[in-house]
Amino acid sequence: MAYQKLSPVALIAAVQKNIEAGTQLKCYDVVPTNAESPFYYAEVVRIRPLNSKTMFRDVYSVAIHCIAEESPSSVGVYNLIENLQSALSEDITLPEPFELVTQTDNGVQTIKTDETGEKHAIVNFDFMVCYGFICKI
């Protein structure tokens, strides 16, 4: 019997739901042309298996981009980071039959100024998802 793994689309949808509910800002999976900042952008950057003796598990690494309004100050991007981390302090909700095992904030990876003058931070999160149990007969 083969188990179905969680779709990256379903994972990003769950992440977007928490971010939008917790920050009141839009979280895109594809940024529209001329999107008005501030906003978030989430993308799956890695999926790796991490099975245990009893569970089939995958770890999804998600990079969340925080795009602040154009400003010479970094306060706007710091506020976006703080609000993002607060929004994702609540566990995401996955569709049945998947189970969220852990949700880990890996911290800020980088902060830079884009060519548009907007401050841009990347915050990484790992989501460990169980998609089946190992049974020995």
Side-chain angles (χ1 to χ4, degrees):
M1 174 178 165
Y3 287 101
Q4 179 181 355
K5 294 184 175 196
L6 177 67
S7 161
V9 173
L11 177 80
I12 289 296
V15 170
Q16 287 174 310
K17 184 176 177 183
N18 271 41
I19 292 171
E20 290 178 356
T23 66
Q24 310 306 311
L25 293 174
K26 188 71 179 154
C27 180
Y28 298 105
D29 57 345
V30 174
V31 180
T33 304
N34 298 324
E36 201 166 315
S37 54
F39 62 86
Y40 297 96
Y41 163 65
E43 63 181 340
V44 174
V45 293
R46 184 174 182 203
I47 302 171
R48 68 186 189 329
L50 192 63
N51 297 330
S52 70
K53 286 184 176 182
T54 58
M55 289 188 281
F56 292 107
R57 305 180 302 191
D58 283 337
V59 177
Y60 295 77
S61 296
V62 177
I64 302 170
H65 301 256
C66 308
I67 311 297
E69 294 176 312
E70 182 179 352
S71 172
S73 172
S74 294
V75 172
V77 78
Y78 295 152
N79 286 334
L80 287 176
I81 293 166
E82 182 179 358
N83 293 340
L84 170 67
Q85 291 173 324
S86 176
L88 287 179
S89 66
E90 296 287 328
D91 285 349
I92 62 171
T93 303
L94 298 174
E96 291 291 331
F98 304 102
E99 188 71 35
L100 180 68
V101 179
T102 61
Q103 180 170 316
T104 307
D105 178 351
N106 293 321
V108 177
Q109 303 304 306
T110 187
I111 297 175
K112 62 182 180 176
T113 303
D114 290 339
E115 60 277 352
T116 59
E118 297 166 317
K119 295 288 184 177
H120 180 164
I122 300 173
V123 183
N124 282 351
F125 283 83
D126 282 342
F127 301 90
M128 184 185 300
V129 176
C130 172
Y131 61 94
F133 293 95
I134 299 170
C135 298
K136 293 185 179 179
I137 298 176

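If you're wondering where the values come from, they're calculated on a predicted model, not measured in any experiment. When reading the values below, keep in mind they use all heavy atoms of this one structure, side chains included, and skip hydrogens, waters and symmetry mates.
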Provide the closest heavy-atom pair for Ala87 versus Asn18 in the form atom of the first, atom of the second, distance.
CB-O, 3.7 Å
Look only at the side chain of Glu69 and the backbone of Gly76, and say whether a donor-acceptor pair between them is shorter than 3.5 Å.
no
Taking everything shown except Gln109 itself, do over 12 heavy atoms lie less than 6.0 Å from its CD?
yes
Which pair of heavy atoms, one from Thr102 and one from Leu100, lies closest together, and at what distance?
O-CD1, 3.4 Å
Looking at Ile64, Val15, Asn106, which hits side-chain contact (heavy atoms from CB on, under 4.5 Å) with Phe125?
Ile64
Does atom CD of Glu99 have more than 12 heavy-atom neighbours, drawn from other residues, nucleotides or ligands, at distances under 6.0 Å?
no
Do any N or O atoms from the side chain of Gln103 and from the backbone of Ile92 form a donor-acceptor pair under 3.5 angstrom?
yes
Does Tyr3 use its side chain to pair, donor to acceptor, with the backbone of Phe133 at less than 3.5 Å?
yes
Name the atoms and distances for all side-chain donor-acceptor pairs under 3.5 Å in residues 33-45, with sequence neighbours left out.
{"unit_1": "Ser37", "atom_1": "OG", "unit_2": "Glu118", "atom_2": "OE2", "d": "2.8"}
{"unit_1": "Tyr40", "atom_1": "OH", "unit_2": "Leu80", "atom_2": "O", "d": "2.7"}
{"unit_1": "Tyr41", "atom_1": "OH", "unit_2": "Glu43", "atom_2": "OE1", "d": "3.4"}
{"unit_1": "Glu43", "atom_1": "OE2", "unit_2": "His65", "atom_2": "NE2", "d": "2.9"}

About how many Å separate NZ of Lys119 and OG1 of Thr113, when rounded to the nearest 0.5 Å?
3.0 Å
Less than 4.5 Å apart, any side-chain heavy atom of Lys17 and any of Thr93?
no
Please give me the minimum heavy-atom distance between Ala68 and Val77, naming the atom from each residue.
CB-N, 3.6 Å
Between Cys27 and Glu20, what is the shortest heavy-atom contact and its length?
N-OE2, 3.0 Å
Which value, rounded to the nearest 0.5 Å, describes the distance between Leu94 atom CG and Glu96 atom CD?
9.5 Å
Please check: side-chain N/O of Ser52 versus main-chain N/O of Thr54, any donor-acceptor pairing under 3.5 Å?
yes
Less than 4.5 Å apart, side chain to side chain, heavy atoms only: is that true for Leu6 and Tyr131?
no
Using the rule that two of Ile, Leu, Val, Met, Phe, Trp, Tyr join whenever any of their side-chain heavy atoms come within less than 4.5 Å, decide whether Val62 and Val108 are in one cluster.
yes
Considering residues, nucleotides and ligands other than Tyr28, do more than 12 of their heavy atoms fall under 6.0 Å from its OH?
yes
Check for me, please, whether Tyr60 and Phe56 land in the same ILVMFWY cluster - side-chain distances under 4.5 Å, paths through other members count.
yes
Check: Phe98 and Leu11 side chains under 4.5 Å, non-hydrogen atoms:
no
Given 3.5 Å as the limit, does a donor-acceptor pair link the side chain of Ser89 with the main chain of Ser86, or not?
yes
So NZ of Lys112 and OG of Ser74: to nearest 0.5 Å the spacing works out to 14.0 Å
Would you say that Val123 contacts Asp105 through its side chain, given a criterion of any heavy-atom pair below 4.5 Å between the two side chains?
yes
Could you give the distance from CG (Asn79) to CG (Leu84), rounded to the nearest 0.5 Å?
12.5 Å
So how far is it from Ser73 OG to Tyr78 OH, rounded to the nearest 0.5 Å?
8.0 Å
Using the side-chain contact (heavy atoms from CB on, under 4.5 Å) definition, which of the options Asp126, Ile47, Val101 pairs with Val59?
Asp126
Do Leu25 and Asn83 have side-chain heavy atoms sitting under 4.5 Å apart?
no
